[in-house]
2 protein chains.
Amino acid sequence: MKKIEINSERFDNMVENIKKYGGCPVSATLKIIGGKWKPLILYFISVDVNRFGQLQRMMPDCSKRMMTTQLRELEKDGLINRKVFAEVPPKVIYTLTITGENLRPLFGELRKWGIENILEPKKKS
Amino acid sequence: MKKIEINSERFDNMVENIKKYGGCPVSATLKIIGGKWKPLILYFISVDVNRFGQLQRMMPDCSKRMMTTQLRELEKDGLINRKVFAEVPPKVIYTLTITGENLRPLFGELRKWGIENILEPKKKS
DNA sequence: TATTATAGTTACATTTTAGTAACCATTGTT
DNA sequence: AACAATGGTTACTAAAATGTAACTATAATA
């Protein structure tokens, strides 16, 4: 009986992903970018609204607590970088990672579908 | 002072959408397709796994109750049609609406990003 | 007569997510 | 001495999402 060889680190990763996302890449993606404030946060960071306080002022309905948890999740999922400066008062800036930048075409499609099908749907005479 | 004319039905719709989605087409889209089982349900319906029981057998971890609520929301949001046949035992089939079909390119992007960035990310040597 | 099949509904319990408000540390300013 | 500015954390509460199990209807079948 022939054995299959597979990089074990990669295998663990696959198992982990199947557990987390059911192995479906669409569900995986939605889980990662689908947080209540994540699209907006990613958008603002992408246009250099990149500090905690700035983000808060742009999204006054997102509480500090929510802002923190959303940012931490985005960081954990590898979409943003968090850079802390050793200053007082504290200074932290957020930037998109490559993975985060890779979202651009996807956001384009999400936006397009939303506009054409939800926000400005063609009236069916 | 000049008045702006606008179709009032359309205006009400815009107000409604801003309330529901904050006017952001990306959030709007994610809200509609982001339900726990919705991508999978839409996928199965798109490949003609189109009856309640069939869907359940494909997704055993989705309870009847969840299946029903997800299907009802998809219907309400105009992504699927529900056709009831007057038979015993009951027969219901689900199909994608045009709006639902319009999701295809978007799902393509979601899938692509998920594969390239989550499920099979290139190792950064 | 009991059972099967389909497509659900309902009540209730549990889990997850999100909101609120108070608190923290440090330095500079009034 | 008190307060502002920044970027949070923490405990507690409220609300929303989801799970579980029992129940529904009707005709055909064993």
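The chains referred to below are lettered A, B, ... by the order of the sequence lines, with proteins before strands, and numbering in each begins at 1.
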Original post:
Nearest to the side chain of B:P89, which nucleotide is it out of C:dA5, C:dA7, C:dT26?
Top reply: C:dA5
Could you report the tightest heavy-atom contact between [X] and [Y], atom names first, then the distance?
| X | Y | answer |
| --- | --- | --- |
| A:G78 | A:T97 | O-OG1, 2.6 Å |
| B:M67 | B:I41 | SD-CD1, 3.8 Å |
| B:K38 | B:I33 | CB-O, 3.7 Å |
| A:L96 | A:R104 | CD1-NH2, 4.3 Å |
| B:M58 | B:V49 | CG-CG1, 3.9 Å |
| B:L42 | B:L103 | CD1-CD1, 3.9 Å |

Subject >> From CD (B:Q56) to CZ (B:F52), nearest 0.5 Å >> reply: 5.0 Å
Report yes if at least one side-chain N or O of [X] is closer than 4.0 Å to OP1 or OP2 of [N]; otherwise report no.
| X | N | result |
| --- | --- | --- |
| A:K91 | C:dT27 | no |
| B:Y94 | C:dG8 | yes |
| A:R57 | D:dG7 | no |

**OP:** Answer whether the closest heavy-atom distance between the side chains of B:Y94 and B:N81 falls below 4.5 Å.
**Re:** no
Nucleotide [N], atom [atom2] - distance to [atom1] of [X] in whole Å:
| X | N | atom1 | atom2 | answer |
| --- | --- | --- | --- | --- |
| A:K38 | C:dA18 | NZ | P | 9 Å |
| B:K36 | D:dG19 | NZ | P | 4 Å |
| B:W37 | D:dA17 | CH2 | P | 17 Å |
| B:F52 | D:dT24 | CZ | P | 18 Å |
| A:R82 | D:dT9 | CZ | C1' | 12 Å |
| B:K31 | D:dA16 | NZ | C1' | 11 Å |
| B:M59 | C:dA7 | CE | P | 13 Å |
| B:E87 | C:dA7 | CD | P | 10 Å |

Original post:
Taking five pairs at each end, how big is the angle between the two axes of the helix from C:dT1-D:dA30 to C:dT30-D:dA1, to 10°?
Top reply: 40°
Subject >> OH/A:Y43: more than 12 non-hydrogen atoms of other groups inside 6.0 Å >> reply: no
**OP:** Could you say whether A:G53 or B:G35 is positioned toward the 5' end of DNA chain D, judged by the nucleotide with the nearest heavy atom to each?
**Re:** A:G53
**OP:** Please list, by residue number, the residues of residues 63-72 of chain A whose heavy atoms come closer than 4.0 Å to an atom of DNA chain D; answer none if no residue qualifies.
**Re:** A:K64, A:R65, A:T68, A:R72
**OP:** Nearest-nucleotide wise, let me know which of A:P90 and A:D61 is further upstream toward the 5' end of DNA chain C.
**Re:** A:D61
